[in-house]
Amino acid sequence: MDHSTSDKFTELHSKMNLRDIFSVGSSGLRTRRVRAALSVTGITIGIAALVGILGLSQSGSADLLKDLDALGTNLLTVQAGDGFRSQEATLSLDATAMIDRIGPVYQVSATTKITGGVFLNDLIQDGRTKGITIVAADLNLLSAQRGSLKSGKFLDEMTSQFPFVVLGSVAAERLGIRNTSGDQKVWLKEKWFMVIGIMEPLPLAADLDRSAIIGYPAADKFLGLDEPPEVIYVRAYPEHIYDVRSVMPATVNPENPEEVQVGRASDVLEARIAASDTFLNLFVGLGAVALLVGTIGIANVMVIAVIERRNEIGLRRALGATKFHIASQFLTESLLLSVLGGITGVAVGMSVTATYAISQDWSIVIPVYVVVGGILCSILIGGIAGFYPAMRAANMSPTEALRTK
Amino acid sequence: MINLENRSSQFALQLKEISKIYPGPPIVQALSDISMSVNHGELLGIIGSSGSGKTTLLHIMGTLSVPSSGSILIDGRNVVGMSDKQLSGVRSQQIGFVFQEFFLLPGFSALENVANGLLYSGIPLDERRERSFEMLGRVALEHRANHLPNELSGGEQQRVAVARALVHNPSFVLADEPTGNLDSENTASLMELFTKLNEDGTTVILITHDLEVAESARRKITLRDGRVYSDLSR
Ligand SMILES: Nc1ncnc2c1ncn2[C@@H]1O[C@H](COP(=O)(O)OP(=O)(O)OP(=O)(O)O)[C@@H](O)[C@H]1O
Ligand SMILES: [Mg+2]
């Protein structure tokens, strides 16, 4: 009657299916809701910050880099700077021709500001110009800026002779003119000019967005302009851009080269990209710190849970739970916590992005990888935060865990 | 209730020359050379003063700790040398525990607490619920099935714990001072319950230092300083 070997016995197994593991793992949270909610705030904030900032940079300024490629970095802006002489410096009348003689230069486009206002009609003139400036320009201005038209046409040989005007994007908006269909006229420096074109924004010369552009011949004929060019836009071959830049002042004004200011239009754009990168990095950094703090927070809560629920662990071992079952219970709990925080964070981040994008009139772009990445990130965090507490719970000796007091 | 034909051995539990030494420091020899055989269907009381080794013995009987030497046969199966995982399997199928502190999980209903006794047995959820409800009936608590532990009296809580220990039809139930947190009235009714369950076929090993409680047991083993001092049957 003595069976001292276990060979003839079928082995006895503790078994638990995934649904039970999930249900047991979530039980700790169901009974401690407030603590669960508090412990995930770090993760929520971190994920929300990352989703928000990545979403916003996608919706907004990340296009700048693409813009820069399309716009080119070889556009120079030449204008008269403040000299040492008392009267205001100007460019000479033949500056355009002199610049054109520089070898690597392939496009030169002059502009001159004209004082005067632009209005929708000739009746109400309260002196406010709506900030729109009149600019006389060469016909190749749009091509030098690599700009495009929202509506209508740019000035050509013919139209530049007559009272025709092309509006910058902001100027058109301020005047309430949406397109060039119909004979839309504007009251420009006491003369009627017909609007024949509206430009898209010009990223390399934002001040032109606020201008009403007419041809030099028309400016001469109707407004009596005989000023020299004020700002000259110069396109040169990119590999020679530095050389062109350095010879520019002496070419334009051999006597007083220090009175000539030469700038690179794309520098402004690059500075904006650099600024937005810094901003982005700052927020990604803050998000990462929040995630780290959140991870520690969850790990901390889980360690406390394991200590508090020592008797529960002992009981479950007595009921037949294996070490693996105990570990998976606490790991599940930690994963649920962090994924809960992750989902909330993604939702918060997305609504912040959407709200801000709407307020900025941007299209809402929330890349799928940001959403999926946010959730995956939270799963990873749950695993990291829960690993040590789960191991600690699993390796507790059952008799130790059942001890009271 | 217990189908003896399912049992592989005449004995629910056999201990052979069990010793337990806690390495300390200081070294404590909690149990020395303990041998006993428990038949299926017995109601065995193990008594002894504080520190005599009762809890240590119960933990070894329940495979929660391993002896320093000796062998343990549960329903004829030698469990000494088994892995932690295998021992968990043995507990999930063959052993029921009742503790002094009840150890019901807060936030779980009486029914769910009983069902936890089957959680690690691989039985499907529906069947676990069904068997647990039936088991609650056997401890006369069907009407409390959906109550939370904090809505139950101490006596009721311990009856839920007894139901949990029995729901998987173990070879034997180990109860460590089950009446320790109960008043005399509840103590009496819990002992009545154990007696009745035993009459229905459940093997019960009851550990207590309360001699009155031990009176319900037909067989009494007295421990003294980690040794069997007496083994008496009525
Ligand atoms: N983990 C341990 N490490 C060291 N010594 C221990 C440990 N557990 C118990 N002992 C010692 O073993 C002896 C038996 O302890 P045990 O808990 O089995 O006694 P008991 O009979 O259950 O007592 P009580 O009636 O007070 O519960 C005691 O001397 C105790 O101090
Ligand atoms: Mg004890």
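Keep in mind that what you see is a predicted model, and the values were worked out from it rather than measured. Below, chains carry the letters A, B, ... as their sequence lines are ordered, and counting in each starts from 1.
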My understanding is that only residues two or more places apart in sequence, or in another chain, count here; which of them pass side chain to side chain contact (heavy atoms under 4.5 Å, CB included) with A:Asp20? A:Met16, A:Asn17, B:Leu119, B:Arg128
If we only count heavy atoms from C-beta on, is the A:Arg317 to B:Arg91 side-chain gap below 4.5 Å? yes
Taking side chain as C-beta onward, heavy atoms only, is B:Ile123 less than 4.5 Å from A:Lys15? no
Check whether B:Ser92 reaches the backbone of A:Gly320 with its side chain - one donor and one acceptor, N or O, closer than 3.5 Å. no
Taking every non-hydrogen atom, the tightest pair across A:Ala321 and B:Ser88: O-OG, 3.3 Å
Quick one: what part of A:Thr404 sits under 4.5 Å from any heavy atom of chain B, side chain, backbone, both or neither? side chain
Taking atom CG of B:Asp225 as the centre, does the number of heavy atoms from other residues, nucleotides or ligands within less than 6.0 Å exceed 12? no
Less than 4.5 Å apart, any side-chain heavy atom of B:Gln86 and any of A:Leu12? no
Just wondering, more than 12 heavy atoms not from B:Glu17 lying within 6.0 Å of its CD? no
B:Leu125 versus chain A, the contacting section by heavy-atom distance below 4.5 Å: side chain
Which of A:Leu319, A:Thr322, A:Asn311 touches chain B most, by non-hydrogen pairs under 4.5 Å: A:Leu319
With a 4.5 angstrom heavy-atom cut-off, is it the side chain or the backbone of B:Ser121 that approaches chain A, or both, or neither? backbone
A:Thr31 portion near chain B, given a 4.5 angstrom heavy-atom threshold: side chain
Quick one: closest heavy-atom pair of A:Pro398 and B:Leu64, and the distance? CB-CD2, 3.6 Å
So does B:Ser65 get a backbone contact from the side chain of A:Thr399, meaning a donor-acceptor N/O pair under 3.5 Å? no
For atom CZ of B:Arg129, decide whether the heavy atoms of other residues, nucleotides or ligands shown that lie under 6.0 angstrom number more than 12. no
Taking the side chain as every heavy atom from C-beta outward, state whether A:Leu315 and B:Arg164 have any pair of such atoms under 4.5 Å apart. yes
Only heavy atoms, only distances under 4.5 angstrom. Which residues in residues 100-112 of chain B are near chain A? B:Glu101, B:Phe103, B:Leu105, B:Pro106, B:Gly107, B:Phe108
Above 12 or not: heavy atoms from other molecules or residues under 6.0 Å from CD of B:Glu130? no
Quick check: are there more than 12 heavy atoms from other residues, nucleotides or ligands sitting under 6.0 Å from NE2 of B:His209? no
Options A:Arg316, A:Lys323, A:His325, A:Arg32, ranked by heavy-atom pairs under 4.5 Å with chain B, top entry: A:Arg316
